[in-house]
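This report refers to the structure that appears directly beneath it.
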Amino acid sequence: MTQEKIRILLLGDIDHAHTAWSSLGEFGELVKPEATNRAAFLQECRDGKFEGVVAAYRTFGSASITGMVDEEVVNALPSSLKYLAHCGAGYDQVDVHACSARNPPIRVSNVPTAVDDATADVNMFLIIGALRNFNTGMQALREGKWRGQPAPPLGHDPQGKVLGILGMGGIGRNLKKKAEAFGMKVIYHNRRQLSDELSGGAQYVTFDKLLSTSDVLSLNLPLNMLTLPEKHTRHIISKAEFAKMKDGVVVVNTARGAVIDEAALVDALDAGKVFSAGLDVFEEEPKIHPGLVRNPNVLLVPHMGTWTTETQTAMEEWAIGNIRVALQSGKLKSPVPEQADL
Ligand SMILES: O=CC(=O)O
């Protein structure tokens with residue numbers, strides 16, 4: 001009996017887990033697109049270049065070639081495609097709804113867990129850095145002005161402050177433990193209230209209460225505008241939400257830029273409503289709102305939440321593991337929650 005020859009498509013690059021990737025060769029042929037832009041990629045799809053591809057691995061950076069994996073791309077992908085393994089926690093670039101609507105559906109996985117520590121570490125760095133408003137002094141120092149003239153305003157200690165976490169998934173829960181080690185009191189809001197065991201005893205509050213009582217507000221929820229357009233989280237923090245916050249609140253975001261209306265954040269910073277912000281993600285990466293760049297009270301990191309050798313390696317291995325398990329058992333290891341019942 002001859003075994004059917006399958007193909008596995010790589011969208012983006014493998015930077016660390018080369019052995020794990022090559023080992024997928026035991027299942028079939030490993031292929032890559034030649035395209036360097038979306039139009040050419042769609043053409044390759046329509047020309048049947050990826051016929052027989054059963055599983056695809058994609059990186060966040062592969063959007064520079066394919067663009068968003070929206071309805072157009074989903075419908076152009078080969079009919080043989082059954083599994084799409086995204087190498088990252090946030091899969092806002094993939095229209096999961098369109099993937100589910102195909103017949104048979106494309107099953108999508110992401111990388112939970114492996115990203116939690118590194119992202120929560122950066123989150124904590126941004127909380128401390130923004131509370132202490134370190135950017136102002138650090139910027140002056142590099143300009144040869146020591147702390148600057150006038151000296152930066154005094155910062156604030158994390159001890160005793162209320163940290164409000166919006167989105168209590170793996171990263172939010174990891175952050176909670178870290179923040180408590182710094183003496184912060186953690187409250188949270190989430191689509192669903194968690195069990196005490198999962199929440200670690202953090203108090204569940206309404207969205208409005210989270211906004212009105214947090215000294216530091218941390219955004220740890222997914223951006224889902226492609227997948228859930230009717231219940232999307234885009235701009236969940238905008239002008240009206242800033243108005244409900246405490247004066248002098250600190251805002252930190254390691255989730256996705258577009259969960260905050262950046263223009264409204266700039267206004268709230270300029271008005272002094274927001275004392276400082278710590279941001280790892282931006283609405284239109286790599287572009288950054290000029291109002292954020294010019295404001296010394298904003299600590300800016302260029303999307304480096306998982307930027308460590310250990311975490312990047314673990315993420316690649318996890319995503320490749322999803323393909324391996326799916327090819328062996330017909331089921332992904334970590335399907336995205338929207339497809340849990342598929
Ligand atoms: O931004 C990083 C990720 O989604 O894993």
Side-chain angles (χ1 to χ4, degrees), residues 10-17 20 56-64 66-70 84-96 99 108-127 165-175 178 218-228 232-234 236-237 252-260 262 277-288 299-323 332-339:
L10 174 59
L11 298 173
D13 295 310
I14 302 288
D15 291 321
H16 305 278
Y57 170 107
R58 81 175 294 279
T59 65
F60 188 80
S62 69
S64 67
T66 64
M68 295 287 176
V69 183
D70 54 12
L84 178 63
H86 172 70
C87 182
Y91 46 94
D92 49 296
Q93 296 173 331
V94 179
D95 185 343
V96 176
C99 290
V108 183
S109 61
N110 71 332
V111 177
T113 325
V115 302
D116 292 353
D117 262 315
T119 311
D121 288 350
V122 169
N123 212 125
M124 209 54 232
F125 167 84
L126 291 172
I127 290 174
I165 297 181
L166 182 58
M168 198 66 155
I171 296 167
R173 298 198 299 270
N174 190 303
L175 174 65
K178 289 179 171 141
S218 179
L219 285 321
N220 298 100
L221 74 170
L223 175 67
N224 56 11
M225 57 203 255
L226 279 182
T227 293
L228 286 175
H232 65 82
T233 54
R234 180 174 179 272
I236 192 166
I237 301 297
V252 171
N253 188 7
T254 59
R256 282 293 181 267
V259 299
I260 303 185
E262 253 173 25
L279 307 173
D280 181 47
V281 285
F282 305 90
E283 266 201 84
E284 286 183 54
E285 296 174 14
K287 273 200 279 177
I288 307 196
L299 186 54
L300 300 166
V301 175
H303 202 151
M304 295 175 85
T306 59
W307 202 254
T308 69
T309 307
E310 296 82 356
T311 296
Q312 290 286 318
T313 306
M315 288 167 71
E316 289 184 359
E317 282 173 353
W318 185 291
I320 294 166
N322 258 308
I323 295 186
L332 290 157
K333 186 170 57 154
S334 53
V336 297
E338 291 85 351
Q339 292 189 335

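First listed ligand is number 1; within each ligand, the first listed atom is number 1. Everything numeric here is computed off the predicted structure, so don't read it as measured data. The figures here come from the full heavy-atom set of this structure, side chains too, leaving out hydrogens, waters and symmetry mates.
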So, regarding Thr306 and ligand 1 (criterion: nitrogen or oxygen to nitrogen or oxygen, under 3.5 Å), is there a contact or not? no
Measure the shortest side-chain to side-chain distance between Met168 and Asn220 over non-hydrogen atoms and say whether it is less than 4.5 angstrom. no
Which of the atoms of ligand 1 are close to Gly88, meaning less than 4.0 Å from one of its heavy atoms? 5 (O)
Would a 4.5 Å heavy-atom cut-off, applied to side chains only, mark Gln93 and Leu226 as touching? no
Do Phe282 and Leu300 have side chains that approach each other closer than 4.5 Å (heavy atoms only, starting at C-beta)? yes
Do any N/O atoms on Val115 end up under 3.5 angstrom from N/O atoms on ligand 1? no
Any side-chain heavy-atom pair from Val111 and His86 closer than 4.5 angstrom? no
Identify, by atom number and element, the atoms of ligand 1 in contact range of Met315, meaning under 4.0 Å from any of its heavy atoms. 5 (O)
Please report which non-hydrogen protein atom sits nearest to atom 5 (O) of ligand 1, along with the residue it belongs to and the distance in Å to one decimal place. Ala89 N, 2.8 Å
Would you say Glu285 and Phe60 make side-chain contact, with heavy atoms under 4.5 Å? yes
Heavy-atom contacts with His303 under 4.0 Å: which atoms of ligand 1 show up? List them by number with element. 1 (O), 2 (C)
